[in-house]
Amino acid sequence: MAKAFASQADLSEKRITFDELGPGLFAFTAEGDPNTGVIIGDDSVMVVDTQATPVMAQQVIARIREVTDKPVKHVVLSHYHAVRVLGASAYQPENIIASRGTHDLIVERGQQDYESEVGRFPRLFDSVESVPGLTWPTIVFDKRLTLYLGRREVQILHLGRGHTKGDTVVWLPEEKVLYSGDLVEYEATPYTGDAYLRDWPATLSRLAELGPQKLVPGRGAALKTSAEVAAGIAGTQDFIKRLYAAVGAGVAAGKPLKDIYDETYAALEPDFGKWVIFEHCMPFDVTRAYEEASGIDDSRIWTAVRDLEMWRGLEQRAEFKGAEA
Ligand SMILES: [Zn+2]
């Protein structure tokens with residue numbers, strides 16, 4: 001039997017955790033679903049990534065209202081992916097902050113990404129009809145933006161390309177807490193369909209040089225000790241390097257994408273197959289790594305149609321397995 005496309009068969013609700021990592025610093029996590037950060041300042045609240053729809057965002061707002069009645073004034077987009085940004089309107093923020101790269105990607109491919117992501121992971125797009133349209137940043141920065149939420153300093157940084165060309169982290173230098181977006185995952189498979197796999201490890205090294213003591217990854221549990229932070233960064237780096245090495249070797253040998261996919265899957269599955277969304281990510285990840293190793297700098301735009309064509313091409317193996325069984 002063929003594998004269900006992407007995460008269409010993933011229908012079971014996850015348990016939400018709302019951890020306080022320091023005074024007024026929270027992580028909304030849900031067993032590998034996309035995380036949201038919450039930073040409470042003297043007179044306002046900042047949200048880092050919004051959830052996929054305004055209805056999904058209400059779960060975050062309910063948790064915020066358990067700990068503060070201050071208004072949410074600032075939303076930061078760690079990158080452009082629909083599952084992170086399309087819930088923004090629920091917070092009615094004054095500012096929506098994004099990097100130049102993220103802004104440009106929303107202009108270039110935001111609508112295609114929206115349609116593609118809804119098809120890949122319907123559970124995360126609960127009440128998709130509540131999305132009013134694309135989320136447009138109101139403040140765009142190039143490398144760094146510092147906000148003071150009263151006395152609390154918040155640095156919003158673009159440290160380089162990795163998961164996308166616009167990756168943004170939110171850093172609290174006093175508290176040494178970092179919100180990394182999808183640059184770091186924990187026990188969740190990195191999605192690299194829009195990535196820069198050769199740049200990603202160096203961007204992670206710059207992220208580690210900040211010296212975070214606690215880190216909220218894009219997916220997975222909040223990392224609460226420096227040892228856990230190091231393990232989360234190293235695990236992500238290891239996956240990225242091994243993925244790209246395996247695919248790069250296949251491209252150098254002139255092998256077709258389908259063969260490279262089967263070999264890379266077999267090489268990575270023993271160590272990473274237990275991470276959430278492994279089956280979902282691998283076809284996209286190998287396809288993008290193949291592009292990059294073939295000299296295509298920016299990822300080709302994913303559309304709902306391209307998603308399915310790619311999946312059919314690479315997941316034949318599963319159909320054959322089923323036929324033999
Ligand atoms: Zn992402």
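When a ligand or atom number is given, it counts from 1 through the structure's own listing order. The structure displayed is predicted, hence computed values, not measured ones.
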Fill in the blank from the handout: To the Zn ion (ligand 1), the closest N, O or S atom belonging to H81 is ND1
Completion exercise
Checking R109, R288, K165 against D194 for salt bridge (charged side-chain N to carboxylate O under 4.0 Å, His left out), the one that qualifies is R109
Exercise for the section: Verify whether the ring centers belonging to Y196 and H163 lie closer than 6.0 Å. Expected result: no
Completion exercise
Note: NE2(H163)-the Zn ion (ligand 1)-NE2(H79) angle, rounded to 10 degrees, equals 100°
Practice task
State plainly whether the residues R242 and D238 are in salt-bridge range, i.e. N to O under 4.0 Å.
Solution key: yes
Problem - D182, N/O/S atom nearest the Zn ion (ligand 1) - result: OD2
Problem - R120 NZ/CZ over F125 ring centroid, <6.0 Å and within 45° of normal - result: no
